[in-house]
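Below is one structure; the comments refer to it alone.
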Amino acid sequence: MFHRWVLFFAFVIVAVPSSSHYNHSFKSLSDDQLESLVTRISQNLTSSSPIYSELSKLSHRMSNKQVRRLRDKGFAHFAFEWAIRLTEQQKHRQAQLLIDRYWRDVDKSMQSRMLGLLQLQKRYQAIADIFTVQPAIEPYYTLSQLAQGKGVKGLNQDVLSQLGITTLNTLIEGPQQCVHHIALLSSTLESTFKLEELKRAYEQSELHKRLPYCLSKPVYVGELVQCQGESGQFIQCNLAKILDTTKFANTVVSKARHLVIMSEQSGLANVRHGIMALNHNHGLALFIHELMHFTHFEDEYPVPANKAKWLCASTGFKAPNLYVGKRPPKNWYASKTCLHGKLPSYKPSKAQSKMEYHAIDLSNQYLGLWLKALEHSLLEPSDYQVYYHKLANRNPALVK
């Protein structure tokens with residue numbers, strides 16, 4: 001039966017190669033029929049024959065045995081199909097040999113299948129390596145550049161728009177109707193995704209209903225922000241390029257009250273100059289902890305000795321949750337903040353708070369202190385606004 005069936009297809013191919021019936025028949029092949037066809041014709045198949053073209057369209061349905069049979073005959077399409085399957089199995093070195101050999105011999109649909117798979121595996125460097133020697137294919141070229149934190153200059157703006165990537169020059173929203181506006185900046189593609197996730201988690205939280213903060217869309221800035229970090233050390237970001245007021249005077253970086261930067265660098269989250277630095281390991285709980293630093297809440301675990309030296313040297317209220325001195329206010333309790341300082345420190349809660357362990361839920365007491373601090377903070381520019389103003393007046397010592 002199979003022999004007659006194969007002869008029938010051979011006749012159709014020779015007699016009516018453009019027949020719609022012929023095309024439909026191939027699409028309707030069962031797996032067993034496809035197996036039989038490949039077995040019977042592989043010895044005499046040529047890449048110029050119509051049946052080769054039709055079989056190529058079905059390569060994604062073929063078994064590994066069928067693909068190997070045709071690959072071993074030297075057919076480029078099936079060698080590349082095998083490269084795709086090796087990539088699915090995470091056998092990237094073997095796959096790369098076939099990609100390098102057959103990339104130019106297959107059509108764009110096969111190339112796109114490979115690129116889509118590499119994107120799914122987040123192997124953006126592999127995509128970038130392909131485009132160092134092969135013509136770019138969108139949106140994969142742009143994705144590879146974003147993943148590496150490249151600058152947006154020279155990238156296709158239409159593709160960026162299609163990918164939903166917001167840049168400094170394309171962000172339309174502004175802080176005019178929100179005095180506690182926070183600009184979210186990302187240095188890579190994955191950082192952009194992480195910020196989107198963090199923003200979504202915050203806006204779905206109960207705290208979002210109580211706090212006046214407004215978070216911008218994540219803004220991809222790429223190499224405009226240079227961050228460094230290592231385990232056990234604070235992440236530090238150099239903002240010299242992005243705070244160039246001649247280029248970005250009317251963008252969100254000049255209008256925001258605070259900045260949040262998401263980096264792929266390892267290290268500790270922190271707030272410096274009203275700018276929060278995070279990495280991909282930092283979630284909503286830590287984000288809320290760092291957010292409290294914008295209104296000058298202090299950590300209730302021991303601060304580093306170099307900070308304790310000045311923070312704990314004189315008596316008085318130093319933060320909404322910190323009193324330094326030997327005579328604390330009534331109902332304030334000893335804290336660990338100034339463990340390495342000259343004077344002891346006190347906090348308003350006997351229990352451990354979110355400022356000591358970020359995983360602890362924010363108490364109503366600390367939420368109340370926070371809301372009061374937010375209201376009071378509007379009486380003067382934020383730390384970031386002061387920092388930005390000094391940069392605008394060209395104080396290079398601050399750009400670290």
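No hydrogens, no waters, no symmetry mates; every other heavy atom, side chains included, goes into these values.
Between Phe317 and Tyr323, the distance from one ring center to the other falls under 6.0 angstrom. In summary, the aromatic rings of Tyr52 and Phe78 are positioned with their centroids under 6.0 Å apart. Taking the centre of each ring, Tyr346 and Tyr333 stay at or above the 6.0 Å mark.
Side chains of Gln111 and Tyr140 form no contact here, defined as non-hydrogen atoms less than 4.5 Å apart. By the 4.5 Å heavy-atom criterion applied to side chains, Leu146 and Leu155 are counted as neighbours.
Between Tyr388 and Tyr384, the two ring planes are tilted [angle within 30° to 60°]. Classified by interplanar angle (parallel below 30°, tilted 30° to 60°, perpendicular above 60°), the ring pair His258/Phe294 is parallel.
The hydrophobic cluster around Leu286 extends to none of the other residues, as no ILVMFWY side-chain heavy atom falls under 4.5 Å of it.
A donor atom on one side chain and an acceptor atom on the other are found under 3.5 Å apart for Glu264 and Thr188. Side-chain contact check for Ser335 and Ser345: at least one donor-acceptor pair (N or O, by modelled atom type) lies under 3.5 Å.
When atom types are taken as modelled, the side chain of Asn321 and the backbone of Lys347 share no donor-acceptor pair closer than 3.5 angstrom.
Partners of Tyr220 by ring pair (Phe, Tyr, Trp, His ring centres under 6.0 Å), not counting sequence neighbours: none found.
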